[in-house]
Amino acid sequence: VFNGQGGEWDATVTRMGRQDVDLRIGAHVATARELACPVTIALGMPANERMDALVEKATELGVAAIQPLMCARSVLKLSGDRAEKRRAHWQAVAVAAAEQSGRTRVPAVAPILSFERWLADAGPAAGTRHVLSFAADAAGPEPQQAAGGAHPGRPRDPRQVRPRAR
């Protein structure tokens, strides 16, 4: 049995009923299944049940916390009671995923924030943040071109290469 905060104990089932189970709790078992560095993942909220799958997989991979974000292109727009109900649902998904994967700690699912608010809240106390974006302009200005017209570390786009004259 585990408590979701890192504790794990041996237990023996002493009685099983239709609605409940009685256990005899044994000795504490020291386990170290968590990542060496706590990771918080901030996710733009997709539509439908896809967020459930993201919370489940992030939990199985070992994140310490999950931050749902409303982004400019997010289909799912939540606020007030609806937002809190979804957050509580995702927290329950994280609990189930932790149980299934054998983790002894359940990641906290934080209240929903806008992407802008999340970035604005970044400060020296927030630690290091790495933002992954597939937007063409996300990294700032383009690096200088290397010899041969290709950017360092990037393959050439075949649509921009002119055929050589023979």
Side-chain angles (χ1 to χ4, degrees), residues 1-8 29-146 148-161:
V1 212
F2 79 107
N3 66 358
Q5 300 169 354
E8 186 172 80
V29 179
T31 57
R33 293 191 187 114
E34 298 303 308
L35 299 175
C37 176
V39 173
T40 297
I41 185 168
L43 302 165
M45 296 184 305
N48 304 326
E49 285 77 39
R50 291 185 183 131
M51 186 67 175
D52 290 10
L54 290 172
V55 169
E56 178 183 348
K57 297 308 174 194
T59 300
E60 291 171 355
L61 289 171
V63 300
I66 300 167
Q67 174 63 69
L69 298 175
M70 275 193 299
C71 299
R73 295 188 179 141
S74 292
V75 175
L76 189 59
K77 303 285 186 190
L78 298 171
S79 62
D81 286 344
R82 283 188 61 217
E84 179 51 32
K85 285 180 182 175
R86 292 310 296 169
R87 190 210 61 77
H89 168 76
W90 295 325
Q91 187 66 59
V93 169
V95 169
E99 290 174 355
Q100 184 67 27
S101 63
R103 286 189 64 187
T104 58
R105 292 192 185 272
V106 178
V109 179
I112 298 167
L113 292 177
S114 69
F115 180 66
E116 293 78 15
R117 168 83 187 272
W118 179 73
L119 286 177
D121 287 349
T128 303
R129 291 185 178 194
H130 301 279
V131 178
L132 172 65
S133 175
F134 294 107
D137 61 345
E142 286 290 316
Q144 297 296 319
Q145 287 192 343
H151 292 289
R154 291 189 192 168
R156 280 191 189 181
D157 184 345
R159 296 170 293 188
Q160 295 176 354
V161 177

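One-based numbering along the sequence shown.
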Undergrad: Nearest heavy-atom pair of Arg50 and Pro46: which atoms, and what distance?
TA: CB-CG, 3.7 Å
Undergrad: List in chain and number order the residues that pass side chain to side chain contact (heavy atoms under 4.5 Å, CB included) with Glu116, two or more places apart in sequence or in another chain; answer none if no residue qualifies.
TA: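 Partners of Glu116 under the side chain to side chain contact (heavy atoms under 4.5 Å, CB included) test: Ser114.
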Undergrad: For residues 35-45, dump all side-chain donor-acceptor pairs below 3.5 Å to protein atoms at least two apart in sequence or in another chain.
TA:
none

Undergrad: Check the surroundings of atom CD in Glu84: do more than 12 heavy atoms from other residues, nucleotides or ligands lie under 6.0 Å from it?
TA: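 Counting other residues, nucleotides and ligands, CD of Glu84 exceeds 12 neighbours.
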Undergrad: Give every donor-acceptor pair under 3.5 Å between a side-chain atom in residues 59-75 and any protein atom, sequence neighbours left out.
TA:
unit_1	atom_1	unit_2	atom_2	d
Thr59	OG1	Val55	O	2.8
Glu60	OE1	Lys57	NZ	3.3
Gln67	NE2	Pro111	O	2.8
Ser74	OG	Cys71	N	2.8
Ser74	OG	Cys71	O	3.4

Undergrad: So how far is it from Met51 CE to Ile112 CD1, rounded to the nearest 0.5 Å?
TA: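 If I round to the nearest 0.5 Å, the distance is 7.5 Å.
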Undergrad: Looking at Val109, is its backbone amide N or carbonyl O close enough to the side chain of Arg87 to form a donor-acceptor pair, meaning the two atoms are under 3.5 Å apart?
TA: yes
Undergrad: Does any pair with a residue in residues 89-99 pass side chain to side chain donor-acceptor pair (under 3.5 Å), and if so which ones, sequence neighbours excluded?
TA: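 Every side chain to side chain donor-acceptor pair (under 3.5 Å) pair that includes a residue of residues 89-99, provided the two are not neighbours, is Asp52-His89, Asp52-Trp90.
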Undergrad: Using the test side chain to side chain donor-acceptor pair (under 3.5 Å), find all partners of Arg86 that sit at least two apart in sequence or belong to another chain.
TA: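 For Arg86, no residue satisfies side chain to side chain donor-acceptor pair (under 3.5 Å) once neighbours in sequence are set aside.
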Undergrad: May I ask you to say whether Arg117 pairs ionically with Asp121, meaning some side-chain N is under 4.0 Å from a carboxylate O?
TA: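 Yes, this pair counts.
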